[in-house]
Novice: 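What follows is a structure written as structure tokens; I'll ask about it next.
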Amino acid sequence: MTEFLIYLATTGGIAAMLALSLNLQYGLAGLVNLGQIAFFMIGGYVSAIIVMLGGQTIAIGILGGTVAAALFGILMALPTARLRQDYWAISTLAAAEIVRLFFLNTAFGSPYFGQAFGIDGIPQPYRRAFTEAGLTTSNYNLFYLGLVLVSLLAIFLILRWLAGTPFGRTLKAIREGDHVPLALGKKVSGFRLRAMAIGGAVGGFAGALFAHYNAFINPEYFVPIETFIIWAMVILGGAGNFLGAVVGTVIITTIYNSTRFIASFASQRDLELTPIIGFIFEPRVLGPLRMVLIGLMILLVILYLPRGLVPERRRRYGR
Amino acid sequence: MKHRLRATALLAGTAMAVAFGAGSASAQQAVKIGMFTPLTGASSVVGLDMQRGVELAIARINAGFDVPMQDGTTLTVGPGLLGAPINLIVEDDESRPQAAMDAARKLVEVDGVAVLIGEYSSGRTQPVGQYANENQVVHISIGANAESLRDIGPYFFDAIALAGLQGPQLIAMAQAAIGDVDTFGTIFPNNPYGVGMEIATCAAAAAIGIECVSTIRYEEQKTDYRPELNQLTAPQPDAVAFFAYGADATLILRQAFELGVDAAGTWFGAEVSNWVADVAAIPEVAEGIRGVEHAVAGELYETQYRAAYVDAYGEEPLTVFGAFGYDAAMLAALAINAAGSTDSDAIRQAMHEVSQTYLGITGNLAFDEDGMRMFQDYGEFIYTNGELVPYVAE
Amino acid sequence: MLQVVIDGLIRTAELSLIAVGLTMVYGILRFGNFAHVEFATLGSFLVLPLAALGIAFPLAALLAIVATGLVGVLLDRAIFRRLRSAPPEMLMIASFALGIMIRESVRAIWGPSPYLYQLGVLRPIRIGDFGRITPIQIGIIVAAAVAILVFHALLSRTRLGTAMRATADNAPLAQASGINTERIIATVWLIGAGFGALGGVLVGLNTQVKADTGFALIVEVFAATILGGIGNPYGALLGAAIIGFAESISLAINWSPLLTWLGFEVRGFVFIPTGYKTAIPFAILILTLLVRPQGILGARR
Amino acid sequence: MAAEPLLQVRDVARRFGGIVALDGVSLDVPAGIVFGLIGPNGSGKTTLLNIITGFVRADRGTVSFDGRPIRGLPSYRIARLGLSRTFQSSRCPQRMTVMENMLLAAANQSGESLGAAILQFRRVRAEERANLERAREILATVNLAAKVDELAGNLSGGQKKLLSLAQALMSEPKLILLDEPVAGVNPILVQEIGSVIRSLCDAGRNFLIVEHNMSFIRATCDRVAVLDTGRLIAEGEPDEVLARENVLRAYLARPTAEAPA
């Protein structure tokens, strides 16, 4: 049980980084990025390739994945100056799919490295040191959880601090439209570019951490629906507040995994469920219903609680 | 009334508390076997079939069963294992690799299963196999057969032979059926299995001087495959190797039919039973198509599996993978029985031994030193009048 | 090559109906409704229970289309109407969530396996040596053409059409000149969702009925809409044609003569790999947005 | 040699589709005064403002500010030259507080660059403190001091106009362009805004105001120019210009427009 909670906390922590990254882009800068998962994918793939084919250390791999995703963020941001937000949103979805198709159809060296096969046997940081020191896999998992949580905390603090700087303030102004910031002399496209670069870096870093944790990635991990789950986390938690993104991640992860337990609880106890409840607990119904539930929560939040569970904080200057 | 109250409390109550309490509550002496399978999402038909196959085997062991052996004898196992009924725990992996990992982790770390059974998708089997191996839990794949699975490690076993074996068979079948074959085309899904099949088939073809003139990889779950079919037929290959999962197969065969492709004459399918259930609504589009399938249609299969399956579930087996699930579960039970404990290393060693003696309903399951199934009989079949029947070359 | 034209035509017929519906709602409410493609899915599924009751297919399809149109109106009342003054990105996200809800509800109710309309498969008709088309496909093209023509007549010849165009051009002005804009909006949802449903039924007729039908087309449909210029139904038709033909033509071009001419050593046929098929509409979309963001028929704002 | 005008517009023209919005407009805005630009609806006032500030491109003509040609420059560059503007519907970011809006408007903030935000920590903080002080002063002059922590979206229409004006002041511009600063504002606040502008002008600020409210124009502006259908038809002292026959006719020709009162 503890092991499993550690696992959930680790993957949840990585998801929270993605939510923080999206919160910077959407919550702060108002950028509707529907291709967030592309950062995650680029971070993971680039890091794995640098380490496994380039023979570099894992630290360099993670750095490379982070930088590559940041560069992709800049690439995505380039047309923003000219495009309407809704057009831009759909083109980010398209861009993420092109990235996925690239990795799906490209072999790196051997036909079994890349393509649909993905990459397996991705090395894990300090893994050998743990084995040599006689420590168990559980110890290692705990170490990785620590690594993820420390990174998450660092990212959280950095982004929250950034939001309070004049840079972050300008992003907040941009999210309500270009005109006022432009009239005040802010180079809006430059700010968007930097927001996407930082968002990309955070997303890529998370992807690299995931790849080295999971030791296996393939294109199936990076389909568009995964972006939606991150969106659910941000909207639910409250766009604009970094704590909200983390809260949203915790809630969505919990819903996602607790439905699994409820179903197995129901089947293990052999409950004589009423027909309707029994119908709901059939896996072929429960799986889709989980997504319906997440969608419903987003709608309810937008309709009745537009600022999310943890609303954006106002910085007070009054004396 | 009491049940309804409990069910209501279940829905209303806090999800986490109820949920996490559940796992530890049912800790008996029973041997736990965990299964992850796609009950939702794109592969859910196969997923359900695999679950049924595994359930059939476990139910038999729990009732006590005379397991057939290769030497003609039987071995009585059960009722139950190690003195208690087996507790089979099935988790949905939603046809997503991340959910497969969630499910496997939950089975190992929360439920503490002795053996993990699961999946026919190589993309979902691979990460779980790596994880299980690292945590020294025996993992038996039911039907995943990408070549890359061989290297996972000593705790990983595969109840199906790797894809490479099918390629040469398809080519041999094409040669026998239409004689002079100089060029080949392939159309496979763009997933680990499909690409693996393409590589294996074209390599086998090249070895005997046949050229693969078109190699089509299609994305699953799309609404149109006409451009793919046009590319496939443009170089006019003498024969075509193809594979598709149920829903996609129906669409591809239908569109091929509508485009006037001579599929009955030139197409040779891999694992053709995959789409038999799906194509039933429009059988004419598949009429006369030939192909290979794991030979599961023997007498043992008929008497021990198909009849019981129809009895239990009221319909014919949905796919061929249920039978492999049955064999995987039988192997797991036999190995635990032989090991006399749920110790992973004991099970792992016993697994090799029992695989040499057990007579599976899908044939001889003997593992090689990597835990990969060595032999696989592929039968040749033809789809005609709405069913798959053994094919005899004229 | 003829076959490629036929394929492109069929694809255009299916895409254009869904895109026309999307562009109408887009034009009036000024947000990209990501749930729109799910009307296609919903419509194609609603035919099933009706057909199971023994209702003849054309009538069942009509009822399903009307029902989907009403669902569109209801969703607008329940959700989007409350968000009229919300920023467009909020609406986009709401529609994205709504789309998932519709899609997954369909999956929960009808299960994961695809369905086929019980019309059977008809032998193709040969056109010359290289083209084949089935009677159903001819029907699809005709149905789409008729629907578009009827829509054109509605838009250009009726008072309702004038009011719709006026509302799309400038909603406050339309309201000021006595048009009941909320009623026009409801009508647009009815027609838009209905067109989406018709497109879905046609896709289902030509292929199969499955929960992913709509979402599998989302980028194609948005690309067609944006290509043609948001709010312009004729543009959406043109955009659908471009996307529909681009997919079939670009994958059908044999590049080997060109490559040989360029001095590469090539054997046999060289095509764009089908693994990249889904990237084609994406690439067209991105290129369009970069070169002409207002779309081909769109007016500069 | 006469002092060069602060803003010089020469022969600026712009068409939208087939419609002529501006048809060769030339205008000099000198320093030290409040300059009014009036004209009936659709006469091209806002288009001219948008061209001056770089939000719309002119088809031809030149614009120079403070002796520098600025036509074709991106709007943020023009703003940095000291030309600050407000918008008709005063859309200052609604989800930011009044003070955040003010701090946003300060020019040359080193904390806007990522590198400086990280490396020049102290400098950024000192700047913030100075900006905060200045923002408080400005808010006091426009009577918004009590609303420091209020979200801009919660202000009344008139207060939003004042905030826009305060924001424009915050960047210490050489010229402030106000687009309808009193439209939809109650009469008492109109007077207040007028007197704030007058006193700011006396303190050395320069204004170009586009407005419909004629009594406000009369009371506030030192000089007005009148646009009609994309052409400049009059320029001079407010009282004199507003009495001219062609100006009256331009307004009367349009039933919906407010006639000069």
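Chain naming here is simple, since letters A, B, ... match the order of the sequence lines and numbering starts at 1 in each.
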Novice: Would you mind checking which part of C:Asn206 comes under 4.5 Å of any heavy atom in chain B, side chain (CB onward), backbone (N, CA, C, O), both or neither?
Specialist: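 The answer is both parts of C:Asn206.
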
Novice: Please determine whether a side-chain nitrogen of the Lys or Arg among C:Glu247 and C:Lys277 lies less than 4.0 Å from a carboxylate oxygen of the Asp or Glu.
Specialist: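 Answer for the salt bridge query: no.
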
Novice: Taking salt bridge (Lys or Arg N to Asp or Glu O under 4.0 Å) as the test, write out the residues that go with B:Glu316, two or more places apart.
Specialist: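 B:Glu316 satisfies salt bridge (Lys or Arg N to Asp or Glu O under 4.0 Å) with B:Arg306 once adjacent residues are dropped.
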
Novice: Below 4.5 Å from any heavy atom of chain B, which atoms of C:Gln137 appear? Answer side chain, backbone, both or neither.
Specialist: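 When you check distances to chain B, only side chain atoms of C:Gln137 fall under 4.5 Å.
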
Novice: Heavy-atom distance under 4.5 Å to chain C: side chain of B:Glu219, backbone, both or neither?
Specialist: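 Just the side chain, heavy atoms under 4.5 Å.
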
Novice: Would you say the rings of B:Tyr120 and B:Tyr193 are close, in the sense that their centroids are separated by under 6.0 Å?
Specialist: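 Ring centres of B:Tyr120 and B:Tyr193 not closer than 6.0 Å.
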
Novice: Shorter than 4.5 Å, heavy atoms on both sides: which option in B:Asp224, B:Thr250, B:Asn190, B:Thr215 has the most such pairs with chain C?
Specialist: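 Ranked by heavy-atom pairs under 4.5 Å with chain C, first place is B:Asp224.
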
Novice: What part of C:Asp212 lies closer than 4.5 angstrom to a heavy atom of chain B: side chain, backbone, both or neither?
Specialist: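 Interface part for C:Asp212: side chain.
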
Novice: In the structure I gave you, are the side-chain heavy atoms of B:Val240 and B:Phe268 within less than 4.5 Å of one another anywhere?
Specialist: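 No, every pair of side-chain atoms sits at 4.5 Å or beyond.
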
Novice: Report the option among B:Glu228, B:Gln255, B:Arg226, B:Lys222 that has the most heavy-atom pairs separated by less than 4.5 Å from atoms of chain C.
Specialist: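 Most heavy-atom pairs under 4.5 Å with chain C: B:Arg226.
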
Novice: Using a strict cut-off of less than 4.0 Å between a Lys/Arg side-chain nitrogen and an Asp/Glu carboxylate oxygen, indicate whether B:Arg52 and B:Glu315 qualify as a salt bridge.
Specialist: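 Yes.
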
